[in-house]
Undergrad: 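Starting off with a structure, shown below.
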Amino acid sequence: MIALVDCNNFYASCERIFQPWLRKRPVLVLSSNDGCVIARSQEAKDLGIPMGAPIHTLTETVIKYEIYVCSSNFTLYADISKRVMSALGSFSPHIEVYSIDESFLNVDHHPQENLLAIGRQMRQSVLEWTDVPTGIGLGPTKTLAKIANRIAKKQKQHGGVFVINSAEEAREVLPSIAVEDVWGVGRQWSKKLKSVGIVSAYDLQQADDKLLRQKFNVVLLRTATELRGIPCLTMEEITPANKTIIASRSFGTQMTKEYDIEEAVASFATRAAEKLRKQGSLALYLSVFVRTNIFNKFQEQYSGGTTVALPIATAYTPALVEAARTGIHRIFRDGYSYKKAGIVLSGILPDTIHQQALFHKVNYQKEGGSMNAMDNVNAKYGKGTLRVGAIGTRKVWHPKLEKSSKNYTTRYEDILVVKA
DNA sequence: TCTGGGGTCCTAGGACCC
DNA sequence: TCTGGGGTCCTAGGACCC
């Protein structure tokens with residue numbers, strides 16, 4: 001049996017922990033650049049505010065209902081997430097951290113008849129340890145655990161925990177679940193499924209394998225099989241290294257100067273390099289892209305991208321920054337107003353392999369040593385304490401961040417605020 | 001005026017090999 | 001006029017997830 005623990009309105013719940021006066025107020029958390037709504041408290045959901053709505057379309061609603069709107073604070077959310085997962089860890093040695101606010105737990109070592117009680121204990125523990133409310137669904141497969149989780153959250157009488165013990169029990173609840181609410185069924189497929197008469201999760205469970213394989217694909221067939229109580233998706237307790245690493249941002253203002261964009265991509269390359277080293281990898285390719293504001297219908301549009309092959313696989317920040325600037329020189333065109341840029345690292349290899357190039361000699365020890373030193377300094381004294389000069393100091397490209405909460409759990413000065 | 005960021009997997013088709 | 005069988009690798013595009 002698998003438990004799926006999912007934090008309720010996670011970012012909004014994090015914001016409330018250290019600002020308890022927000023508890024009854026509707027809360028919205030915005031995306032980078034303070035653009036779209038990416039998290040809503042229950043009160044905000046009840047007001048009918050959709051996920052992803054651009055905040056500038058909600059000005060009146062925000063004033064009318066005194067909605068608290070804030071920028072996102074991922075430093076805080078990541079730290080709270082760690083604490084939630086740590087609380088859950090005491091219930092099972094087999095835990096897969098699926099996303100910042102979700103975990104799968106194997107609970108096979110708990111007796112079947114106690115599962116509801118175990119779920120309630122988990123919920124209580126997380127609440128006590130972190131003040132974050134959760135919904136918990138248990139089922140024989142991940143997909144059924146997801147369904148159980150949905151029921152736990154939607155039907156208040158269950159107190160946030162719901163168990164689907166078997167495929168037979170699933171058969172009773174699946175007719176009430178719309179097919180688009182099944183994990184793995186998105187917009188496109190639900191449309192297509194409905195066109196062949198598959199409307200509910202039950203219909204999908206009962207659907208003909210051949211039809212699913214022929215008209216759809218093997219991924220959807222697996223989903224249907226999981227609904228029958230046969231596991232197709234295994235627990236992945238060890239997070240595999242990412243195969244691509246992306247760092248991109250929309251700019252706070254539109255930019256026209258090449259050297260400003262160079263500073264931005266130097267910063268992206270730095271961040272990507274940090275992620276790369278953290279997972280113990282090297283990259284062979286660095287792609288760069290830029291684009292104008294796609295929402296502005298009156299502006300001439302341009303979007304460009306290019307891939308720079310690195311002479312050898314590397315995680316050395318200066319080498320990646322240099323590649324990013326090379327890329328920008330290739331694709332930058334004068335006369336446009338740029339709104340977004342980013343870099344993508346690919347050709348990811350483990351850093352235990354050091355294949356040399358014929359004409360490009362590298363002192364791995366020296367490079368590795370300096371990166372190590374830089375990472376240590378930045379861990380101790382804060383991000384960007386030590387950085388390459390190409391990033392600059394003017395921050396002209398930085399996204400908007402008008403109202404971010406404090407880093408109550410990770411930054412010394414902010415922790416003092418909490419204590420006070 | 002204002003519209004996010006970061007990932008994965010599968011499939012089909014083309015190019016190539018023997 | 002007739003024209004095999006069995007593979008791999010790469011890429012672009014489409015679907016999905018949070």
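Owing to the predicted nature of the structure, the values given are computational and were not obtained by experimental measurement. Here is how names work: the chains are called A, B, and so on, in the same order as the sequence lines, proteins then strands, and each is numbered from 1.
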Undergrad: Is any side-chain nitrogen or oxygen of A:Arg271 closer than 4.0 Å to OP1 or OP2 of B:dG6?
TA: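 Checking A:Arg271 against B:dG6: at least one side-chain N or O falls below 4.0 Å of OP1 or OP2.
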Undergrad: May I ask you to evaluate whether A:Lys243 reaches the phosphate of B:dC9, defined as a side-chain N or O under 4.0 Å from OP1 or OP2?
TA: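 Yes, because at least one side-chain N or O of A:Lys243 sits under 4.0 Å from OP1 or OP2 of B:dC9.
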Undergrad: What is the distance from NZ of A:Lys400 to P of B:dG4, rounded to the nearest Å?
TA: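 Between P of B:dG4 and NZ of A:Lys400: 11 Å.
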Undergrad: Please report, rounded to the nearest Å, how far the P atom of C:dC18 is from the CZ atom of A:Phe10.
TA: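 Rounded to whole Å, this separation is 15 Å.
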Undergrad: Do any side-chain nitrogens or oxygens of A:Lys340 fall under 4.0 Å of OP1 or OP2 in B:dG5?
TA: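 For B:dG5, OP1/OP2 do have a side-chain N/O of A:Lys340 under 4.0 Å.
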Undergrad: Out of B:dG5, B:dT8, B:dT3, which nucleotide sits closest to the side chain of A:Ser250?
TA: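 From the listed options, B:dG5 comes nearest.
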Undergrad: If you assign A:Val218 and A:Asn293 each to the DNA chain B nucleotide with the nearest heavy atom, which residue ends up on the more 5' nucleotide?
TA: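 Of the two residues, A:Asn293 wins.
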Undergrad: Just N and O in the side chain of A:Lys146: are any of them under 4.0 Å from OP1 or OP2 of C:dC18?
TA: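 Yes, such a contact exists.
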Undergrad: Is the closest side-chain heavy-atom distance between A:Met371 and A:Tyr316 below 4.5 Å?
TA: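 Yes, their side chains come closer than 4.5 Å.
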Undergrad: Hey, where does DNA chain B pair up into stems, meaning at least three consecutive Watson-Crick or G-U pairs with distances under 3.5 Å?
TA: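 When the pairs of DNA chain B are grouped into runs of at least three, the stems are B:5-18 with C:5-18.
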Undergrad: For A:Ser31 and B:dT3, is the shortest distance between a side-chain N/O and OP1 or OP2 below 4.0 Å?
TA: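 So the side chain of A:Ser31 is outside the cut-off, no N or O lying under 4.0 Å from OP1 or OP2 of B:dT3.
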Undergrad: Measuring to OP1 and OP2 of B:dT1, would you say a side-chain N or O of A:Gln254 lies under 4.0 angstrom away?
TA: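 For B:dT1, neither OP1 nor OP2 has a side-chain N or O of A:Gln254 closer than 4.0 Å.
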Undergrad: With the criterion being N/O to N/O and under 3.5 Å, what pairs connect the protein with nucleotides 14-16 of chain C, and how long is each?
TA:
unit_1, atom_1, unit_2, atom_2, d
C:dC16, OP1, A:Gly186, N, 2.9
C:dC16, OP1, A:Gly186, O, 3.2
C:dC16, OP1, A:Arg187, N, 3.4
C:dC16, OP1, A:Gln188, N, 3.4
C:dC16, OP1, A:Trp189, N, 2.9

Undergrad: To the nearest Å, how far apart are A:Ile245 CD1 and B:dG6 P?
TA: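 Computing the A:Ile245:CD1 to B:dG6:P distance gives 11 Å.
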Undergrad: In residues 51-84 of chain A, which residues come under 4.0 Å of DNA chain C by heavy atom?
TA: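 Heavy-atom contacts with DNA chain C come from no residue of residues 51-84 of chain A; none.
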Undergrad: Tell me whether the OP1 or OP2 atom of B:dG5 has a side-chain N or O from A:Ser32 closer than 4.0 Å.
TA: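 For B:dG5, OP1/OP2 do have a side-chain N/O of A:Ser32 under 4.0 Å.
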Undergrad: Tell me which nucleotide among B:dG5, B:dG6, B:dC10 gets nearest to the side chain of A:Ile246.
TA: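 The closest nucleotide is B:dG6.
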Undergrad: Please check the phosphate of B:dG4 (OP1 and OP2 only) for any side-chain N or O of A:Asn33 closer than 4.0 Å.
TA: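 For A:Asn33, the contact criterion (side-chain N or O under 4.0 Å from OP1 or OP2 of B:dG4) is not met.
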Undergrad: Touch check for A:Lys339, heavy atoms < 4.0 angstrom, all strands: base, sugar-phosphate only, or nothing?
TA: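 Contact class for A:Lys339: sugar-phosphate only.
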Undergrad: Regarding A:Asp101, tell me which of base, sugar-phosphate or nothing describes its non-hydrogen contacts under 4.0 Å with the strands shown.
TA: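 Sugar-phosphate only.
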Undergrad: Nearest heavy atom decides the nucleotide; on that basis, is A:Asp34 or A:Val219 closer to the 5' end of DNA chain B?
TA: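 It is A:Asp34, whose closest nucleotide lies nearer the 5' terminus.
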Undergrad: Centre of A:Tyr68's six-membered ring, under 6.0 Å away, within 45 degrees of the axis: is that where NZ or CZ of A:Lys403 sits?
TA: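 Output yes; distance and angle both within limits.
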Undergrad: Do A:Leu193 and A:Leu220 touch side chain to side chain, with heavy atoms closer than 4.5 Å?
TA: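 The answer is yes; the side chains approach within 4.5 Å.
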Undergrad: Are A:Arg222 and B:dC9 close enough that a side-chain N or O sits under 4.0 Å from OP1 or OP2?
TA: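 No, because none of the side-chain N or O atoms of A:Arg222 sits under 4.0 Å from OP1 or OP2 of B:dC9.
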